[in-house]
Every structure is written in structure tokens, then in C-alpha cells.
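This report concerns only the one structure given below.
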Amino acid sequence: MNENLFASFITPTMMGLPIVALIIMFPSLLFPSTARLINNRLISIQQWLIRMTTKQMMAIHSKKGQTWALMLISLIMFIGSTNLVGLLPHSFTPTTQLSMNLGMAIPLWAGTVILGFRYKTKASLAHFLPQGTPLPLIPMLVIIETISLFIQPMALAVRLTANITAGHLLIHLIGGATLALMNISMTTAFITFIILVLLTVLEFAVALIQAYVFTLLVSLYLHDNA
């Protein structure tokens with residue numbers, strides 16, 4: 001295959017203009033709303049999953065933290081649907097771009113930190129210096145805790161980017177190997193194709209799991225500060 005291995009990660013353009021905004025808005029069409037008194041099965045399953053996820057995620061939060069329920073459930077739906085759409089052939093996955101993931105992680109992390117300093121000032125400052133710390137270690141621990149605090153949004157973004165990108169690269173490599181082996185040994189090519197199918201199923205699970213992990217970590221940051 002002469003195609004560049006990283007070609008699928010290049011931002012798509014139309015007439016020289018990036019169309020990332022249209023791609024980002026597309027997954028919202030996968031969640032239809034209805035004004036009917038009795039919903040169909042698809043919408044009923046969708047609403048049941050939303051209620052179950054919201055209930056599980058908001059169980060640990062105070063009333064102030066529960067005000068973030070709409071934002072968190074919208075976040076997990078957006079990331080999950082974007083990851084799933086990106087598994088379609090010849091599609092583009094915005095969550096493989098570190099810049100976009102940082103654009104989601106930094107404002108959410110900053111919101112939780114600001115909320116903590118506003119409503120739990122003493123508890124938030126106490127995180128920088130554990131109780132019983134020896135006096136000579138105080139400056140070093142404050143620096144370490146400050147660095148660990150600012151690394152949190154970077155860790156959120158890098159984790160999502162790395163997992164989604166690695167899955168796409170594996171699918172691309174094994175798919176190319178399957179095509180190359182068809183001219184050498186059909187038996188080996190068939191075994192490789194089975195591996196490719198299993199990996200694709202695994203990537204569907206990873207797409208949903210990474211959306212849940214990203215949102216869950218934001219929820220935990222909120223729980224620590226709200």
C-alpha cells in the first residue's frame with residue numbers, strides 16, 4: 001500500500017477550507033429527539049442508557065456538583081459518537097487530534113479547579129501540602145503538587161488521543177497486511193482477516209470506554225473540588 005500511514009489523521013478540507021466543524025457537528029444527528037407520547041425502541045434505549053449513565057456518574061456528587069450533569073452526559077455522548085463514527089471507512093476522527101482534546105480537557109479542568117478555589121478554598125489549598133509534612137520538604141512538595149495539578153488536563157487529552165490513534169494505526173496496518181498476504185497465502189490472509197475483525201470489534205468497545213474514562217476523570221476532578 002502506497003498510502004501514507006498517517007493520511008487518515010490529516011484534517012480534511014473541501015475547496016481548501018477545513019471541514020472539521022461539520023464533522024464535529026455530524027454525530028449530533030445520531031441522537032434524534034421526538035415529541036411523541038410513546039417513543040420507539042431506539043429512542044427508548046437511548047434514554048435508558050442516558051439515565052443509567054447519569055445516575056451512576058452523579059451518585060458521588062453534591063447538589064452543586066450535580067449541576068454539571070447535563071455537561072458531563074453531553075460530553076460522553078459527543079466523544080463516544082465521534083469515536084464510533086471515526087471507525088467507519090474513509091472517515092475522520094476528530095479525537096485523534098491532540099489540539100481538540102486539549103480544547104475539551106483544559107476548560108473542563110479549569111472549571112473544576114476554579115469551582116474548588118471558590119467554594120472549598122481551604123480544602124483546595126490543603127491538597128498542595130499534605131498534613132504532617134516535614135518542614136524541609138514543604139517547598140518541594142508544593143512544587144510537585146502544583147505540577148501534578150497542571151498535568152491533569154494534559155493527561156486527559158494525551159490518554160484519549162493515544163488510545164484512539166493506536167487503534168486506528170493497528171487496523172490500518174493489519175488491513176494492509178491482509179491485502180498483501182492474499183497474494184502469498186490465502187490461509188494466512190484469512191487468519192489475519194479474522195484478527196482484523198476481532199480488533200475492529202475491540203476498537204468499538206475502546207471507543208466507548210475511552211469516552212467513559214474521559215468523562216469519569218472530569219467527574220472525579222469535579223468531585224474533589226465541588
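All figures in this text were calculated on a predicted structure; none of them were measured in a lab.
Hydrophobic clustering keeps Leu84 apart from Phe78 (ILVMFWY residues linked when any side-chain heavy atoms are closer than 4.5 Å, directly or through intermediates). Residues Leu87 and Leu170 share a hydrophobic cluster, clusters being chains of Ile/Leu/Val/Met/Phe/Trp/Tyr side chains in contact below 4.5 Å. A continuous path of Ile, Leu, Val, Met, Phe, Trp and Tyr side chains, each step under 4.5 Å between heavy atoms, connects Met77 with Tyr212, placing both in one hydrophobic cluster. Residues Leu199 and Val206 are members of one and the same hydrophobic cluster, defined by side-chain heavy-atom contacts under 4.5 angstrom among Ile, Leu, Val, Met, Phe, Trp and Tyr. Leu208 and Leu72 are members of different hydrophobic clusters when ILVMFWY side chains are connected at heavy-atom separations under 4.5 Å.
A pairwise comparison of heavy atoms in Ile164 and Ala207 identifies CD1-CA, 4.5 Å as the closest pair. In this structure, Phe214 and Ala157 approach most closely via the heavy-atom pair CE1-N, 4.5 Å. Ala211 approaches Gly80 most closely through the heavy-atom pair CB-N, 3.4 Å. Counting all heavy atoms, side chain and backbone alike, Thr146 lies closest to Val142 at OG1-O, 2.6 Å. Here the closest non-hydrogen pair linking Thr178 and Ala189 is CG2-O, 3.7 Å. Taking both residues in full, the closest heavy atoms of Ile171 and Leu196 are given as O-CD1, 3.7 Å, listed atom of the first, atom of the second, then distance.
With sequence neighbours excluded, no residue forms a side chain to side chain donor-acceptor pair (under 3.5 Å) with Thr82.
Within 6.0 Å of the CZ atom in Phe117, the count of heavy atoms belonging to other residues, nucleotides or ligands exceeds 12. Applying the 6.0 Å contact sphere to CE of Met140 captures no more than 12 heavy atoms from other residues, nucleotides or ligands.
Side-chain contact between Met71 and Leu108: present, with at least one pair of heavy atoms (C-beta onward) separated by less than 4.5 Å. Using a 4.5 Å cut-off on side-chain heavy atoms (C-beta onward), Leu202 and Leu198 make no contact. In this structure, Met52 and Leu49 have side chains that are in contact, with non-hydrogen atoms separated by less than 4.5 Å. The shortest distance between side-chain heavy atoms of Met104 and Ile79 falls below 4.5 Å. Side-chain atoms of Ser219 and Tyr221, non-hydrogen and from C-beta on, never get closer than 4.5 Å to each other. Leu181 places none of its side-chain heavy atoms less than 4.5 Å from the side chain of Phe193.
Rounded to the nearest 0.5 Å, atoms NE2 (His223) and CG (Leu217) are 13.5 Å apart. Going from atom OG1 of Thr192 over to atom CE of Met182 covers 11.0 Å, rounded to the nearest 0.5 Å. With values rounded to the nearest 0.5 angstrom, Leu216 atom CG is found 12.5 Å from Ile209 atom CD1. Separation of atoms CG (Leu222) and OG1 (Thr215) is listed at 12.0 Å; rounding is to 0.5 Å. If you take CD on Gln66 and CG on Leu70, they are separated by 13.5 Å, rounding to the nearest 0.5 Å. Atom CG of Asp224 is separated from atom CD of Gln152 by 8.0 Å, given to the nearest 0.5 angstrom.
Distance alone, capped at 3.5 Å, is enough to place a donor-acceptor pair between the Ser148 side chain and the Glu145 backbone. Judged by distance alone, with hydrogens and angles left aside, the side-chain atoms of Asn225 form no donor-acceptor pair with the main-chain N or O of Leu115 at under 3.5 Å. No donor-acceptor pair under 3.5 Å is formed between the side chain of Trp68 and the backbone N or O of Thr112.
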I would like to know whether Gln97 and Thr161 meet side-chain contact (heavy atoms from CB on, under 4.5 Å); could you show each step before the answer? CA-CA 6 Å; Gln97 306 297 311; Thr161 304; over 6 Å; no
Report the C-alpha separation of Thr165 and Thr95 in whole Å, then their side-chain angles, then the decisive distance to 0.1 Å, and conclude whether the side-chain contact (heavy atoms from CB on, under 4.5 Å) test is met. CA-CA 8 Å; Thr165 303; Thr95 47; over 6 Å; no
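Judged by distance alone, the side chains of His168 and Thr96 never bring a donor and an acceptor atom under 3.5 Å apart.
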